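Beneath this line is the structure, given in structure tokens, with notes to follow.
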Amino acid sequence: EVTLDQLAAWLRRFAEIVEQNKAYLTDLDSAIGDADHGANMARGTAAVVTHLDEANTVDALLKKAGMTLVSTVGGTSGPLYGTLLMKMGMATGAVTELSGEEFSKAFHAGLEGLIARGKTELGDKTMVDALTPAIEAFDAALADGADVHAATESAAKAAAAGRDATTPLVARKGRASYLGERSAGHMDPGATSSTYLFDALAEAIG
Ligand code: ADP
Ligand code: MG
Ligand code: MG
């Protein structure tokens, strides 16, 4: 199971990792974007943390976090991460814990929402390239009989592999796509922050 407290700890840890890597995310975005991904994510996730104590149910926690990201991040990434979390919240309910399967269902709903909003697909050199293999690895681990913690560790590894695989790709979405072929050879900033989402999850779910 994943408890409400663990989900709050997850988003708190995500904010910490983003803050610690803010300069790095901005460096990545300076190569193929407008050098604000670190600032965007740090501002958004810090705002999310200020609301974590308000929610008494899983759906409320995730929806509030998502709405906060949408309203505090000016960049493309805010509405997309915001959609991920809002749709995750909408796929859960007024409960205080989720089974691994329910958590997976929420992740799928969130990813589908993000993909629809971003009008993107796997291989476009975006955050989707880290999120998709992570969620697939989470499912595969659960299907193999792993507990939720072990499944999150598999997911984090798969996210990192997906992030690394963005480096040679030519971007087809977002600011990086304006560079065309010159976007190849650089790791995608959003795929990098998405990896932190799963690193934070593996740390928060013991
Ligand atoms: P902006 O590009 O508006 O400055 P950020 O720098 O915060 O926003 O975020 C850039 C990241 O957003 C990219 O690295 C990429 O992963 C992600 N991204 C951009 N466009 C899309 C899209 N259409 N769908 C999914 N992710 C996207
Ligand atoms: Mg940017
Ligand atoms: Mg920007």
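Order of listing sets the numbers, starting from 1, for every ligand and every atom in it. Note that the structure is a prediction, hence the values are computed from the model and not measured.
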Closer than 2.8 Å to the Mg ion (ligand 3) - protein N, O or S atoms, ordered by chain and residue number:
Asp34 OD2, Asp36 OD2
Rounded to the nearest 0.5 Å, how far does CG of Leu11 lie from CG of Leu62?
7.0 Å
Report yes if the side chains of Thr26 and Asp36 come closer than 4.5 Å at any heavy-atom pair, otherwise no.
no
Does any part of the side chain of His186, heavy atoms only, come nearer than 4.5 Å to the side chain of Thr167, both counted from C-beta?
no
I'd like to know whether [atom1] of [X] has more than 12 heavy-atom contacts from other residues, nucleotides or ligands below 6.0 angstrom.
X	atom1	result
Met90	CE	no
Glu181	CD	no
Lys173	NZ	yes

Ring centers of Phe198, Phe107 separated by less than 6.0 Å:
yes
Can you tell me which residues line ligand 1 if we count any heavy atom under 4.0 angstrom from one of its atoms, in chain and number order?
Asp29, Asp34, Asp36, His37, Asn40, Gly75, Thr76, Ser77, Leu80, Gly118, Thr120, Thr126, Met127, Lys173, Gly174, Arg175, Asp188, Pro189, Gly190, Ala191
Check the orientation of Tyr81 and Phe14. Use parallel for under 30°, tilted for 30 to 60°, and perpendicular for over 60°.
tilted
Would Ser104 and Asp139 satisfy side-chain hydrogen bond (donor to acceptor under 3.5 Å, both in side chains), going step by step from the backbone distance to the final call?
CA-CA 7 Å; Ser104 162; Asp139 288 350; 2.5 Å; yes
